[in-house]
Each structure stands twice: as C-alpha cells, then as structure tokens.
Protein chains: 2
Amino acid sequence: MPIPLTETNVRSDNRAMSSLRASRLRAAKAILPPSSVPDGTRRRILEVALQFFANEGFHGTSVRDLAKALDLQPSALYAHFPSKDHVLAELVRVGHEVHASALRAALIGVCDDPIEQICALVRAHALVHATYPHLAVVVNEEIYALTAELAAPALAIRAQSMALLHGVLERGVAMGRFSLPDKAATAAALSAIGVRIPYWYEPSGALSLDALADVHVELSLRMLRAYRSPDGKKV
Amino acid sequence: MPIPLTETNVRSDNRAMSSLRASRLRAAKAILPPSSVPDGTRRRILEVALQFFANEGFHGTSVRDLAKALDLQPSALYAHFPSKDHVLAELVRVGHEVHASALRAALIGVCDDPIEQICALVRAHALVHATYPHLAVVVNEEIYALTAELAAPALAIRAQSMALLHGVLERGVAMGRFSLPDKAATAAALSAIGVRIPYWYEPSGALSLDALADVHVELSLRMLRAYRSPDGKKV
DNA sequence: CGGGTTACTGAACGATCGTTCGTTCAGATC
DNA sequence: GATCTGAACGAACGATCGTTCAGTAACCCG
C-alpha cells in the first residue's frame, strides 16, 4: 500500500547471483558519532552492530554475523555486553541522546521567537538524520525489538524531545506566528520529513547537508505559514 | 538520533512481567483490503502474517508463530506458499498494488490541473496509509527482507507510482503553479508525511480519516506554494 | 462406488540461533 | 617474580529455525 514514493535500494545490480537481500540505506558506511562512545572494542562492536542492524535488522543479524565482521569469537562479545539485546539498547539510547543533544544545542543560541526556534529545531532534526542515517534507522525501526525495560531510557529522552517541539508549536500558535490546520498532524509532518531522510538522501549527491537543512526549514515554515521577516509576507 | 518526535507504543503498561516487546502500530487489528485477495486459507494466512510481520517484523516472526495463530501445523502453510519468503513477497506485492490502484483511481476523476492532481494524489496516499497501516508498514519496512527477485514485482509498481508523482510535480512547476525549494526533497517530503501516518494516527481519535486527508492536502499545497483558486492568493 | 486431488497432520531433518563454560594469555599491580 | 584482571578462544549447550515427507481424512467428479 505504501510505496513511500522514494527510490529503493534493492541490489538488483550486476552482482553475482542476485538472490541477495536489499540494503535499507543509501549510505554505505555506518558512522557512530565520535564522542558518543569511547574508543575500544566496545565501540567497535557498536559500530559493526550499527551497520548490521540498520541494513539487516536486529532479528536479521546473528551474534555470529557480528563476531565474524569483528574478527572475534561470538563468545567474546559477552565480555562487553550482557546480551545481544543490550547492544541494540545501547545503540538506541545513544541515538536518542545524540538527537536530543542536537535539538537542545540548536535552541541555546537562538532568541525566543518561535519562528527562529522552529527553524533551529527543524535544521538540527534534518542534519542529525542526514549525518547519521544508520543510527536514525536503528533508533526508529529497531526499538520495537526491545523489551519495555530496555527501551525505557530511550523513550524517556524521546518524550522530552517531543515536548520541546510541541512547546514551540504551542507558543507560536498562541502568539499568532503560526497557523496550522491540525496540531498533532502538523507536528507529525515536521517530524516525518526528517525521519525519512535516511531512505533517500545521499550526502554525496547534488544537495549538500546545509542545503538539505535549508530546504527542510523552508518546507516547515511553509507548513506553519510562518514568515521570517517579522512584519509581512514572503521569505 | 532520530526520535521521530511522535509517540511510541511500547507496552510499558500494567501488563504482567513487562518484559514484553513493543508493538509497532497503534491500530490493533490488521486488515487486508477486501478484494485484494480471495477468501480461503490462503487469505487467512496472509492476514495473520500481516499482523505478525507488521508488529514483530519478518525475521521476528517464525512459521510456528503463524501456524499457532492460524490453529494449523507449520507444515500446512506449505500447501499454500512455497516458503515464508513468498508470504512476505505476496503481502508486499498486494500492498504496492493497492496503493498504486488508489493513486490511479484518484487521478481519473480529476481535471488536468496539476494542483487538483496533487490534491488527489496526496489524499489517496494519506487515506491508504491511514486505512491499512499494517500493510503500509510491512511494505515499507519489511521489503528489505526480500531477495531482489521476490521484491522485483513490487519495485516495478513503486517505480510507476513515483513517476506519477514526479510527473505531476514537474508539470506544475513548468506551468508556474508550484514553487518548490528542491524537487527531490519536496517529493520526498510529500511522500514522507503519508508514510509515517501508521506510526501515530488513530482512526478512533479526534481526527477522522477525511479530516486527516484534508490536513495532508493542505500541508502539501503549502509546501508547493500552490493555491487552489486559479487566480490569486489564499486557499 | 471408485480414483484423484486438495488440505492438513505429526514427526522429523539439518542448520542455526543466543548463550555458557572452562581455559588461555597478555599486561598491570604489588 | 607472584598475583590478579580482563579479553578472547574454542567447544558445546539446549532451543528454535525453515522446511520436508509419509500418511490421512475429506471432498469432487465420473
């Protein structure tokens, strides 16, 4: 039913027997944000798991897959994580943390105009999803493979970020700077356009990271009927 | 990193031991479009598989899970499908078919004004995702679990639907009816807001299906700077 | 009434799953 | 130099995976 109406990356290319599975992401190499996890074997495990979980899914990845890619025995992973579940939980937690930090950081250098605040949030939202597409996909798709206990830390962070967005929207509407057809659906729309970035955007393509963020800011302002010069019409 | 900035449905509720897995969808019951598959055991299998694949994922669902829910032996499924893969492939194909049919049907009763055409497409896109959320999720998330061969029929349909959207956008821009910051990103945005519907929308909530579609049409027109009355400003 | 097709059972197959265990070994500490 | 610690190995655990297969009951068509 869906057809996201975006390209899909099924490897129907020249490659071998062609009975390969599709790859979920356009970006090749999975990158974990530099300072989010200290160097060492634990970080290597998380990086490899990020690559696998993003492309094959949590249930589609075996501990032996990870071990082979790490050039380790499967049992060696258990010196660093108590279970496969905990590896995913840590990725999901780190992902939420990185995202929430980006949103908070974007707001601190900004005046208290709701329009400027929305621009900052949308820009950060887009940049994070475009810069760390694997992490974004794992956080958004694979969190459902976690038990409630293991997902809880991430969900707590998520609730805060949601509150941040809704607060700005609320205030913008109250001040008459925004005009939305429906609050919940519009908030979902602002979120959605960022969340889907990993599935189509290629940083090496025509659109630079900055330009992508600019486009998303523009589209968001249009959805809110918000105009940046405080007096009148037109961007 | 992501935080879709929408609610998540992790069952942290009262339930038992609480070490349950999260459920991906807000809607409880999985519905397969009535006329898309004839009645019989084959349809029952697809319906149960739709429920499981949407909530637990393809790799998170075993053939025994399906058999138990169907009150059958695992081996009985192989009288109807040659493999577990083929069950998913059929769901993905049907889903794409339903979506593409909805898009095509939406266009036939409409004049050749790009604005009216975009409204029809966006409305159909939203309605299909809101009406059949399980199918939408399986098509968009689990297609990556298929081999290139099995995904091919669905991908062919997807390419057509993409062409439909891009064609209307292209023509609208050429005629000066649309003004977009970036064609690829805007097309992706139009698609994204529909694709994310299953993750937050509840048909039983405040927003009716029709109202949801109206909101999406409005948001889309804003993103395109398209105004419905052919002469001037304002919706 | 008899022969064939279809849908299903129940048992079993080899493979792979996540995880545990006893052991080894390098490097830090005393 | 003795002791301890942490990381990693290699083998193995029971469980579960997708799938196969012989057998059976029910049905259709002649």
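Protein chains get the first letters and strands the later ones, always in sequence-line order, with residue 1 at the start of each.
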S.K.: Any side-chain to backbone donor/acceptor pair from A:Lys84 onto A:Phe58? Under 3.5 Å, distance only.
M.R.: yes
S.K.: Grab the CZ-C1' distance between A:Arg64 and C:dT16 for me, whole Å please.
M.R.: 7 Å
S.K.: Roughly, in whole Å, what's the span from CD in A:Gln73 to C1' in D:dA11?
M.R.: 10 Å
S.K.: Return the value, rounded to whole Å, for the distance between atom CZ of A:Arg42 and atom C1' of D:dG6.
M.R.: 15 Å
S.K.: Rounded to whole angstroms, how far apart are CZ on B:Phe58 and C1' on D:dC17?
M.R.: 12 Å
S.K.: Take atom NZ of B:Lys68 as the centre, draw a 6.0 Å sphere, and report whether it contains more than 12 heavy atoms from other residues, nucleotides or ligands.
M.R.: no
S.K.: Counting only N and O atoms by type, is there a donor-acceptor contact under 3.5 Å from the side chain of B:Glu56 to the main-chain atoms of B:Thr61?
M.R.: no
S.K.: Evaluate the salt bridge (charged side-chain N to carboxylate O under 4.0 Å, His left out) criterion for residues B:Arg93 and B:Glu90: first the C-alpha distance (whole Å), next the side-chain angles of each, then the deciding distance (0.1 Å), finally the verdict.
M.R.: CA-CA 5 Å; B:Arg93 191 195 60 79; B:Glu90 179 63 3; 3.0 Å; yes
S.K.: With no hydrogens and no angle check, is any side-chain donor or acceptor of A:His125 less than 3.5 Å from a backbone partner on A:Leu121?
M.R.: no
S.K.: Can you tell me how far P of D:dG18 sits from NZ of B:Lys68, to the nearest Å?
M.R.: 13 Å
S.K.: Among A:Val87, A:Val92, A:Val137, A:Val48, find the one that has a side chain to side chain contact (heavy atoms under 4.5 Å, CB included) with A:Phe53.
M.R.: A:Val87
S.K.: Using heavy atoms and a sub-4.0 Å distance, could you list which residues of residues 75-87 of chain B are near DNA chain D? By number, please.
M.R.: B:Ser75, B:Tyr78, B:Ser83, B:Lys84
S.K.: From CG of B:Leu66 over to C1' of D:dC17, roughly how many Å is that when rounded to an integer?
M.R.: 13 Å
S.K.: Find the distance A:His59:NE2 to C:dG18:C1' and express it as a whole number of Å.
M.R.: 13 Å
S.K.: Return the value, rounded to whole Å, for the distance between atom CG of A:Asp71 and atom P of D:dG10.
M.R.: 11 Å
S.K.: OP1 or OP2 of D:dT16 versus the side-chain N and O atoms of B:Ser62: is any pair under 4.0 Å?
M.R.: no
